[in-house]
Amino acid sequence: MPELPPRFNFTEVETKWCSYWEKHQTFHATPNPNKKPYTIVIPPPNVTGILHMGHGLNNTLQDIIARYKRMNGFETCWMVGTDHAGIATQNVVEKQLAKEGKTRHDIGREEMLKRLWAWKEEYGGTIINQLKKLGSSCDWQRLRFTMDEGYSQAVKHVFVELYKKGLIYRGKYIINWCPRCQTALSDEEAEHQETQGHLYHIKYPFKDLNNQFVTVATTRPETMLGDTAVAVHPTDERYRNLIGKTLILPILNREIKIIADDLVDPTFGSGAVKVTPAHDPNDFMMGTRHSLKFINIMNPDAILNEAAGKFAGMDRFKARSALVEELKNLELLTKIEPHTHAVGHCYRCHTVVEPYLSKQWFVKMKPLAQPALKAVIEGTVKFHPDRWTKVYLNWMEGIRDWCISRQIWWGHRIPVWYCATCPEPIVSEITPEKCPSCGTTNLQQDEDVLDTWFSSWLWPFATFGWPSLKTNPQSQTPDHPMDDLNYFYPTASLFTASEIIFFWVARMVMAGYEFMGQAPFKDVYIHGTVRDAKGRKMSKSLGNALDPLEIIREYGADALRFSLIMNSGQDLFISKEKFEGGRNFANKIWNASRLVLLNTKPENKTIVRPPTSSDLDLPSQWIIAKFGLTLTAVSEAIEQYHFSEAENLIYDFFWKNYCDWYLEIIKNKFSDDKIQQTAFFILKQSLKMMHPFMPFVTEELWQNLTQSNTPLSLSSWPQPQTNALTTNALTEMDTLIKIISEIRNIRAQWNIKPNEHIDCHFATTNTIEKSLLINNQGTIESLLKLKSFQLHDDLPAIQDAVVGMVNSIKFVLPLGELVDIQKEKTKMRQDILTSEKSAAGILQRLSNENFVSKAPADIIEKEQARLNGLKQKISELNEVLRNLK
RNA sequence: GGACUCAUAGCUCAGCUGGUUAGAGCGCUGCCCUCACAUGGCAGAGGUCGUAGGUUCAAGUCCUACUGAGUCCACCA
């Protein structure tokens with residue numbers, strides 16, 4: 001057997017196992033009637049994406065549960081793939097084109113699509129390869145893309161179905177328009193940011209009243225060029241008599257009327273609002289109600305058009321300042337005040353979004369929201385932590401129709417054709433040859449593509465073969481063959497960041513109910529945001545982003561995973577040094593395993609269960625019991641999605657219990673077969689328990705431990721089961737640990753050099769304690785570097801000694817001139833004093849009638865026991881003090 | 001404007017249904033290169049749990065108000 005180096009060489013090990021797992025399809029899942037399915041989806045990363053810490057956290061969490069479930073007997077399928085990310089991908093390729101001095105319109109749609117696909121073929125796998133480096137146990141054989149053939153079929157099918165049900169319609173409305181991407185956006189894609197702007201107060205003169213004006217206020221003065229009315233509240237006394245009067249719109253000198261509408265808030269500004277029906281959603285509503293003219297003053301690129309008069313050809317912001325200048329000259333601008341308001345920005349390019357009137361396709365959301373609301377209210381779908389439930393419900397209750405058409409080329413083309421002569425659009429999954437009404441072949445397909453999220457929301461079932469496969473309750477019975485869809489759908493848990501609750505999570509629930517008749521998942525775990533040490537969101541533009549791949553190179557993937565989870569409370573504050581913790585722990589596991597491997601004979605490596613406790617020494621009994629307790633607690637924590645708690649338990653067990661106590665104790669007793677077996681067995685079990693958290697180091701060590709010619713991945717082994725507990729060992733070992741710690745403390749306090757051996761006298765009359773000391777004499781001697789070990793019934797009077805006590809075991813260390821006896825006595829008196837104080841406190845509580853009558857019995861018992869313990873301690877300490885010379 | 005979250009050791013956070021003496025990691029101090037590991041070992045210092053009230057036999061934990069930090073949602077121009 002090759003000897004293991006003293007450092008865990010993670011780079012080599014990670015490369016080896018990544019390719020091994022993939023080559024052997026370790027994580028490939030197929031319908032298996034003898035196993036329960038456990039299906040996982042994660043947000044399919046954008047093809048344009050590169051791995052960031054958010055992915056790191058998301059994948060680690062998901063991978064822990066995946067590996068854990070797999071090792072607990074579930075047929076675990078982690079569906080993975082990429083999202084075509086319409087706008088983002090098109091932007092990337094457009095930038096390439098721009099380097100050649102071209103736009104997509106120069107090369108045309110067909111050529112552009114060729115380039116897009118070429119880009120996808122070349123770079124689309126980047127993020128997937130990066131996910132592999134994290135150790136994500138995805139079902140790589142099932143890799144999907146939201147624009148692959150089957151998936152496209154699903155998208156078309158959904159569009160046609162919803163259209164048939166009357167849930168998809170086309171219409172001219174005010175939508176969020178990105179002038180840079182030149183496409184419509186959904187409400188969710190317009191990110192509102194608090195912006196410091198201005199409120200401009202402008203005087204509009206009356207046509208028939210000289211020198212009289214109505215003052216309106218606006219944050220976007222350039223939109224006045226599209227004004228077709230001024231509105232006031234119908235009950236506003238100031239304006240009541242002016243309703244219906246005509247104003248002259250400055251600059252353009254258009255006549256506009258004063259109208260009355262409830263929408264106007266009489267307390268804001270002057271109480272009069274300019275109405276621009278083509279450039280503001282509220283004004284649009286008023287415009288519709290009052291049959292106003294809709295004047296569009298902008299081209300799709302936010303350059304003002306001929307309707308803007310002399311401002312035509314100017315960009316909207318240039319036009320704004322030019323127009324403000326002009327109004328100043330005309331003395332129509334009464335004031336400009338600072339004004340903070342939320343301005344929408346494109347979520348892809350951060351350009352200020354323009355409310356823009358255009359013809360788009362929409363999904364009617366209210367009917368889809370009903371079952372999705374019910375599912376969460378009734379707990380069929382649960383959010384973790386629970387507070388996200390309210391966020392979801394709030395959005396779902398106030399849901400508005402979803403604008404799904406995008407004026408870009410990369411995406412699913414809208415499956416609608418228009419006939420040159422007939423008004424009815426042809427909505428079809430397959431390309432129609434001729435118009436069904438008039439028979440003409442002169443058909444034009446809708447130019448637009450669908451919102452990327454219109455495909456993402458189908459992910460949990462479109463990836464399992466829907467709509468070719470349909471839900472079939474019969475196929476879930478053992479007598480009928482199972483297909484992927486019926487076996488793997490619905491999925492179990494979903495891990496994601498809060499940013500995409502609305503984009504993706506909520507819409508998946510709606511699609512799940514609409515097309516599959518049931519929720520797509522049971523649990524939604526919302527994890528925190530990864531931030532830098534100062535709490536700022538990690539972002540490329542800020543330059544504060546830590547690259548997970550760099551961390552993997554420097555500290556290892558196990559370290560990355562471990563440290564991310566260790567730090568995941570709510571949001572995570574991460575700096576590079578945090579990964580040292582994970583690296584050190586991986587190295588600790590590595591070296592503990594080296595020690596055990598080095599000292600275990602081959603025949604002792606084959607055991608499948610630990611030696612029975614009656615044959616065993618106390619530390620071995622203890623470590624077996626501790627492991628059982630830890631495993632149970634870890635499993636519980638994972639099931640409740642308390643990952644950092646689970647990791648803490650593991651860390652504490654392995655490092656503190658197994659390494660610092662157990663291995664230190666048995667180090668020089670390794671020749672004992674039973675001890676070898678126990679140490680080896682617990683190590684193996686620990687590796688299994690730790691594998692979901694740190695898959696690489698555990699896998700590598702497992703293979704070294706098992707030495708099989710045909711290695712079976714550790715992730716395919718079942719998790720250990722909990723053993724019955726020997727509780728005596730737990731309390732006895734506890735006492736032993738306390739004694740050793742106390743005496744070590746004394747050694748440190750009196751500056752006794754580590755190599756100096758000292759005498760120690762123990763005294764107790766308790767037979768259990770006596771045998772504890774006798775049975776573990778060797779351990780005590782070696783860990784405490786004792787010269788002599790003596791056991792008495794009563795404490796001998798020894799000069800210049802330090803005395804301590806654990807339970808009723810007293811110990812005396814004759815330290816001679818090393819110790820200042822007066823100081824020691826003072827310390828003991830102090831100890832007695834504090835004990836007396838807390839005893840008094842308990843006594844008071846116990847004599848409180850209210851406490852005794854209202855507190856539960858076990859609490860009272862505990863208090864009583866504590867009091868007794870203290871009393872005994874006080875009297876013993878006093879006695880020791882008297883004997884101390 | 002509405003909703004939510006957080007405030008505990010120098011730093012980052014645990015503390016799950018209220019119940020002993022509030023925990024961990026990092027950092028800090030002292031002693032150790034002990035033949036698995038200095039990415040290590042042993043020991044230690046450090047907290048009146050943001051402020052003010054309240055409920056309770058009992059509050060870091062529940063309630064109210066306040067202060068401070070942050071997040072999300074919203075068509076007040």
Round to a whole Å and report the spacing from CD1 of I665(A) to C1' of A36(B).
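Value for this atom pair: 16 Å.
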Whole angstrom is fine here: how far is it from CD in Q640(A) over to P in C16(B)?
12 Å
Counter-base of G40(B), judged by Watson-Crick or G-U geometry with both distances under 3.5 Å
C32(B)
[X] versus [Y]: any side-chain heavy-atom pair under 4.5 Å?
X	Y	answer
L263(A)	R289(A)	yes
V697(A)	V13(A)	no
T223(A)	R316(A)	no

K667(A) vs C37(B): side-chain N/O to OP1/OP2 distance below 4.0 Å
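Looking at the OP1 and OP2 atoms of C37(B), neither is under 4.0 Å from any side-chain N or O of K667(A).
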Among [options], the one nearest [X] by side-chain distance:
X	options	value
P281(A)	C75(B), A36(B), A77(B)	C75(B)
P6(A)	A74(B), C37(B), C57(B)	C37(B)
F502(A)	A74(B), C32(B), C72(B)	C72(B)
A342(A)	A74(B), C32(B), A24(B)	A74(B)
H341(A)	A77(B), A43(B), G40(B)	A77(B)

Distance-only donor-acceptor test, E664(A) side-chain atoms vs A36(B) base atoms, 3.5 Å:
yes
When only distance counts, do a donor and an acceptor, one from the side chain of R866(A) and one from the base of U21(B), lie under 3.5 Å apart?
no
Nearest-nucleotide wise, let me know which of L663(A) and E580(A) is further upstream toward the 5' end of RNA chain B.
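Final value for this comparison: E580(A).
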Between Q749(A) and S270(A), just flag the one whose closest nucleotide in RNA chain B comes earlier from the 5' side.
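Nearest-nucleotide comparison on RNA chain B picks Q749(A).
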